[in-house]
Amino acid sequence: MDDFHKTRRLPPYVFEQVNRLKAKARAAGADIIDMGMGNPDLPTPQHIVDKLVETVQNPRTHRYSSSKGIPGLRKAQAGYYERRFGVKLNPDTQVVATLGSKEGFANMAQAITAPGDVVLVPNPSYPIHAFGFLMAGGSLRSIPATPGPELFEALERAVVHSIPKPIAIILCFPANPTASVAELDFYRDVVAFARKHEIYVLSDLAYSEIYFGDVPPPSILQVNGAMDIAVEFTSLSKTFSMPGWRMGFAVGNERLIAALARVKSYLDYGAFTPIQVAAAAALNGPDDCIRGTREIYKKRRDVLIDSFGRAGWDIPAPEASMFAWAPIPDQFKHLGSLEFSKLLIEKADVAVAPGIGFGEHGEGFVRIGLVENEQRIRQAARGIRKFFEDTDSNSKELSKTGA
């Protein structure tokens, strides 16, 4: 594999080390509580499943579908954006259905990146934000993953010192992995900066409906002028608990959307038509299931913060997303996030995602997914508490013996 140009550009997959250890422990009979992967465990709402079952009975839906998405699905996504954000989209020119937001990001990178093009990527960040552009031949420059003044200072430096000038800025709020959130004023500043310097903005809004406060996360497309430079990626995976269905969208700037649609037309025929029809039913249907999902994640978050805190691990409460971004406890910081994650599997039967897997600035943290029920989260906290207590006792014993 090392002989191939594109695979040489990809670093070792950090999460695979944790996955191997997790599989080994399970094979030995351990009951591993897996909070490492952001894989929603809630069932897809029944009315969406029913629409899939109904549609798949029609043999005509078994044929090749439309790469950019069937018209009804693109209209449904445009309708969602108008209801949720007050943003009007042309479903024919400003909406493309993707095989999840991950595929959309990767193929957008293929569509717009020339060898050596510079892309500004948050660090830490969801891996495809960086590696999609690496595989497309681009070069990366890191920017902070939080929406503060330091991010704009980094953007200004990048424009001055990058050769060639950056072609795109990647944003992700609510953020994966850090769970940071952004306000509309932040997007206004980003749009003004991007328009001034003629840089595109690719915004990942996969967690738009998983929030725990009174104010829902905004879309960058709500900002006047954003359509000139921005495309936004969304997903039904979290909103409607449809991760395995692989359905997402790219919406926004017509030139970028056309480029993505053209690349996709050479690569795929789109999702299975019954899945697209069911996805349209999800977007056009009642939103009580979204509220119910949000409430479940909020309860899990509260249980996690409380039970882990009583176990001796203080974790900031995330305002959104299905993750907690947890600083490694002081007594384990010297290990680093990968070794600490391995220890949690071996000693506490709990799997988390090491922060280093999201970029060098993710070191010192682990990402914990709210993908287990409240009982299992409390069980995880008990295992962690025992691990911490045993570690503390061993340290004291070694100290007494002078070892």
Side-chain angles (χ1 to χ4, degrees), residues 6 8-15 38 100-182 186-187 189-191 193-194 197-207 220 229-233 235 250 252-253 256 259-260 321 323 325 353-363 365 367:
K6 290 197 174 182
R8 278 203 308 269
R9 303 201 79 197
L10 297 174
Y13 195 56
V14 170
F15 303 118
S101 59
K102 187 175 185 179
E103 176 267 321
F105 248 97
N107 279 327
M108 181 64 81
Q110 295 291 334
I112 70 173
T113 310
D117 276 347
V118 176
V119 180
L120 308 182
V121 182
N123 191 335
S125 179
Y126 184 52
I128 196 63
H129 295 158
F131 300 134
F133 287 93
L134 274 182
M135 286 187 283
S139 298
L140 307 180
R141 184 176 179 125
S142 293
I143 58 175
T146 51
E150 64 279 2
L151 189 150
F152 288 98
E153 293 167 4
L155 293 179
E156 293 284 359
R157 288 195 302 271
V159 168
V160 172
H161 297 292
S162 297
I163 300 176
K165 185 186 76 175
I167 64 163
I169 303 165
I170 312 302
L171 299 177
C172 178
F173 299 106
N176 179 7
T178 67
S180 298
V181 295
F186 165 77
Y187 287 129
D189 291 340
V190 170
V191 170
F193 177 90
H197 295 287
E198 298 182 327
I199 300 173
Y200 288 118
V201 179
L202 306 181
S203 170
D204 188 343
L205 195 62
Y207 297 92
I220 193 172
I229 47 85
V231 162
E232 196 155 63
F233 296 83
S235 168
N253 178 269
L256 291 176
L260 173 60
S321 85
F323 304 114
W325 187 236
I356 191 65
F358 302 97
E360 61 180 303
H361 296 299
E363 187 54 277
F365 294 82
R367 192 193 70 178

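In this chain, residues are counted from 1 in sequence order.
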Parallel, tilted or perpendicular: which fits the ring planes of F105 and H129, with parallel below 30° and perpendicular above 60°?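 Correct class here is tilted.
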Do the ring planes of H197 and F193 sit parallel (below 30°), tilted (30 to 60°) or perpendicular (above 60°)?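 Aromatic pair H197/F193 classed tilted.
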Shortest non-hydrogen contact from [X] to [Y]?
| X | Y | value |
| --- | --- | --- |
| A230 | I220 | CB-CG2, 4.1 Å |
| A182 | F186 | CB-CD2, 3.6 Å |
| I199 | P166 | CG1-O, 3.6 Å |
| S321 | A179 | OG-CB, 3.5 Å |
| A145 | F173 | O-CE2, 3.4 Å |
| A250 | V231 | CB-CG1, 4.1 Å |

Yes or no on side-chain contact (heavy atoms from CB on, under 4.5 Å) for I229 and N253, after CA distance, side-chain angles and deciding distance? CA-CA 6 Å; I229 47 85; N253 178 269; 5.9 Å; no
Looking at N123 and H361, would you say the former's side chain and the latter's main chain have a donor-acceptor pair under 3.5 Å?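 Such a contact is found between N123 side chain and H361 backbone.
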Examine distances only and state if a side-chain atom of T146 and a backbone atom of G148 form a donor-acceptor pair shorter than 3.5 Å.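 Pair absent, no side-chain N/O of T146 close to backbone of G148.
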Evaluate ring pair (Phe, Tyr, Trp, His ring centres under 6.0 Å) for F358 paired with F365, printing each intermediate quantity in order. CA-CA 10 Å; F358 302 97; F365 294 82; over 10 Å; no
Assess the residue pair V201 and Y187 against the criterion (side-chain contact (heavy atoms from CB on, under 4.5 Å)); give the C-alpha distance rounded to whole Å, side-chain angles, the decisive distance to 0.1 Å, and a yes or no. CA-CA 10 Å; V201 179; Y187 287 129; over 6 Å; no
